[in-house]
Amino acid sequence: MSLKFFNTKSRKKETFEPTEPGKAKLYTCGPTVYNYAHIGNFRTYVFEDVLRRHLKVKGFDLTHVMNITDVEDKIIKRAAEQGIELNQGNGSDSNAPIPLDEITEPYTTAFHEDRKALRIEDAEHYPRATRYIPKIVDLIKRIQAADVTYESEGSIYFSIKKCPNYGCLSGFKIDEVVSGARVDSDEYEKDDARDFVLWKSRKEGEVYWETELGEGRPGWHIECSAMAMDLLGESFDIHCGGEDNIFPHHENEIAQSECASNMQFVKYWLHSRHLRVEGEKMAKSSGNFFTLRDLTEKGYDPVNIRFALVRQHYRDPLNFTFDGLKAAAEERRRWTDLLIRLEEVTSEGEVSESMKTLIETADRQIEEHLDDDLATPQAIARLHETATAVNRRIDSGEIQTAEAAEVQSLFKKWDRVFGVLDEERGSLDEEIESLIQERLDARKNKNYARSDEIRDQLQAQGIILEDTAQGTRWKRGS
Ligand code: AMP
Ligand code: ZN
């Protein structure tokens, strides 16, 4: 079955046909690094990770770019609040350190730590806007040459009325625009659409670069176009973000990029729905605003948080609740428990026809669901059904080692997309195993004090022991 995505631009599911056969070029809007990313941001980044992983499972040679927005209105405001002196040009030497790094670098590091905790894979490129100034300037010059810009007080604006395609992504109607009205801020609403700024002239106290366009800094929208076109080409396959990015950010990216290149900027636009928390929009004032760190400090496992996000389809509403997180943790445990049980199967034998059919059907259906615009809830339901069927066979002793290995492969294959199973048991596990052995010996020798001590020691490390007729099993608790 072919891979299909819901394209925001056509409002339809379309078959994925990459610009270059066998390759997939993906751009995802990254964090604005002036504070920690919140779990809403991570809904979007986790969806993009699932997309990334599925493209790889499907065999595409993937190039994924996620930008780091490290110069933007909110960052400059934060720097001013913290009294950081920004009023220093550094010419157009794109690699020299700048004072703004003092704000952005720690949050960039924190972002990478958080995404790794959520098992979000590394993109191939993480370009930073401040290190792209010369290329941003070149792109603005190309847009100027297309005669769709004008200057006012040293700033350069994009005239949206001169762009016949303006509105093609968001459905915005150009006739509603007041001619010549401009907007300097990076963020604004659709009913306030105006000519947007490509280059902002230098303001007292703000960071600036000395360039051919004069002293100033780029607007937010042009940053993404410049980084995407440089690293992926003028026309590439997929561009993603959260639903708030559709207007104005992505609409403006299309307008300026296509005016510069005369080519289609992006073929497929994918957007995730916003996450709500306990039924409400996340806001500091409502007390429902969570960064990943807020939750991990309370003891929640980031991988369970990942699963809570992945379980829901990216275009469906998702209400983050602590009950939902608990349910996700329990569901995930059903998979990890099954894998542990499978490791303990000892009876030798061939793979039966019925087991072969069970696995092949599940495998085919999971792939079909994920190919259908990343239908994660249905794909996960198929794995749950498979787990139930296999558990029944284990209970009744109707399973052989070869079959157990096939089931493990099925779960591991699709975990390349979901990313929630426990990693391979490594050297730490050998230590645990040896403590378990010591505990068994202690019990044999009726040294119950030592046996209890070992159980407590392991429990403190989050390892739960279960004594069964077949011996002692262990698993990681949450
Ligand atoms: P920002 O750092 O604000 O540019 O946002 C980074 C990414 O997170 C963008 O793709 C946004 O669309 C996305 N985003 C922001 N808020 C939410 C939310 N509540 N739920 C899902 N995605 C969000
Ligand atoms: Zn962007």
Side-chain angles (χ1 to χ4, degrees), residues 119 301 303-304 307 327-363 366 380-445 447-448 450-478:
R119 298 194 185 165
D301 179 343
V303 184
N304 290 336
F307 201 38
E330 276 160 17
E331 281 190 23
R332 182 179 155 226
R333 180 162 294 178
R334 285 178 59 196
W335 292 0
T336 46
D337 282 355
L338 173 67
L339 291 190
I340 293 168
R341 292 190 83 191
L342 289 168
E343 274 174 28
E344 289 161 2
V345 171
T346 48
S347 123
E348 303 276 339
E350 297 291 299
V351 181
S352 67
E353 272 312 304
S354 68
M355 184 59 109
K356 211 168 147 207
T357 309
L358 181 83
I359 292 171
E360 280 175 2
T361 311
D363 185 46
I366 292 163
I380 288 169
R382 292 299 298 127
L383 279 176
H384 284 322
E385 284 162 24
T386 310
T388 306
V390 172
N391 269 319
R392 239 184 262 127
R393 289 179 187 228
I394 300 175
D395 290 342
S396 58
E398 290 168 57
I399 189 161
Q400 326 296 337
T401 44
E403 294 176 324
E406 296 273 318
V407 178
Q408 282 173 324
S409 310
L410 176 80
F411 275 80
K412 285 183 182 162
K413 171 179 175 188
W414 292 110
D415 196 55
R416 284 164 62 199
V417 175
F418 299 119
V420 296
L421 289 180
D422 288 337
E423 267 136 29
E424 296 296 320
R425 297 178 169 213
S427 60
L428 172 71
D429 302 353
E430 281 166 28
E431 235 172 82
I432 295 166
E433 304 283 358
S434 90
L435 278 170
I436 290 173
Q437 193 51 52
E438 194 188 330
R439 177 172 165 269
L440 285 178
D441 293 343
R443 278 166 36 139
K444 241 184 255 155
N445 298 328
N447 183 353
Y448 297 111
R450 178 65 190 142
S451 143
D452 289 349
E453 198 177 81
I454 292 172
R455 178 186 279 273
D456 293 346
Q457 182 188 339
L458 288 170
Q459 205 164 20
Q461 294 175 36
I463 307 297
I464 297 161
L465 300 184
E466 272 176 15
D467 294 314
T468 71
Q470 289 83 34
T472 302
R473 296 208 305 239
W474 66 268
K475 58 189 177 186
R476 289 183 213 283
S478 61

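As the structure is a computational prediction, the values presented were derived from the model and not from experiment.
The CZ atom of Arg333 sits 8.0 Å away from the CG atom of Asn304 when rounded to the nearest 0.5 Å. How far OG1 of Thr401 is from CD of Glu350: 9.0 Å, rounded to the nearest 0.5 Å. The CD1 atom of Ile359 sits 6.5 Å away from atom CG of Leu410, with the distance rounded to the nearest 0.5 Å. Here Ser451 contributes atom OG and Ile436 contributes atom CD1; the two are 11.5 Å apart, rounded to the nearest 0.5 Å. Between atom CG of residue Leu435 and atom CD of residue Gln437 there is a gap of 10.5 Å, rounded to the nearest 0.5 Å.
Among residues two or more places apart in sequence or in another chain, the side-chain hydrogen bond (donor to acceptor under 3.5 Å, both in side chains) test is passed with Asp415 by none. Considering only residues two or more places apart in sequence or on other chains, Ser352 meets the side-chain contact (heavy atoms from CB on, under 4.5 Å) condition with Ser354, Met355, Arg393, Glu403. For Ser347, the side-chain contact (heavy atoms from CB on, under 4.5 Å) criterion is met by Gln400, not counting sequence neighbours. With sequence neighbours excluded, the residues satisfying salt bridge (Lys or Arg N to Asp or Glu O under 4.0 Å) with Lys413 are Asp363.
The shortest side-chain heavy-atom distance between Phe307 and Ile380 falls under the 4.5 Å cut-off. No side-chain heavy atom of Leu421 sits less than 4.5 Å from a side-chain heavy atom of Val303. Using a 4.5 Å cut-off on side-chain heavy atoms (C-beta onward), Leu339 and Leu342 make contact. When side chains are defined from C-beta on, Arg439 does not count as touching Asp452, because their heavy atoms never get closer than 4.5 Å.
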Atom pairs and distances, side-chain donor-acceptor, residues 453-460, under 3.5 Å, sequence neighbours left out:
| residue | atom | partner | partner atom | Å |
| --- | --- | --- | --- | --- |
| Glu453 | OE1 | Arg450 | NH1 | 2.4 |
| Arg455 | NH2 | Asp467 | OD2 | 3.2 |

Without placing hydrogens or testing angles, list every side-chain donor-acceptor pair under 3.5 Å for residues 382-391, not counting sequence neighbours.
| residue | atom | partner | partner atom | Å |
| --- | --- | --- | --- | --- |
| Arg382 | NE | Gln365 | OE1 | 2.3 |
| Arg382 | NH1 | Glu385 | OE1 | 2.0 |
| Arg382 | NH2 | Gln365 | OE1 | 2.8 |
| His384 | ND1 | Trp335 | NE1 | 3.0 |
| His384 | NE2 | Glu331 | OE1 | 2.7 |
| Thr386 | OG1 | Arg382 | O | 2.7 |
| Thr388 | OG1 | Arg334 | NH2 | 3.1 |
| Thr388 | OG1 | His384 | O | 3.0 |
| Asn391 | OD1 | Arg341 | NH1 | 2.8 |
| Asn391 | ND2 | Ala387 | O | 3.3 |

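Ionic pairing of Asp422 and Arg332 is present here: one or more N-O contacts between side-chain nitrogen and carboxylate oxygen are shorter than 4.0 angstrom.
In terms of heavy-atom proximity, Val407 sits nearest to Leu338 at CG1-CD2, 4.4 Å.
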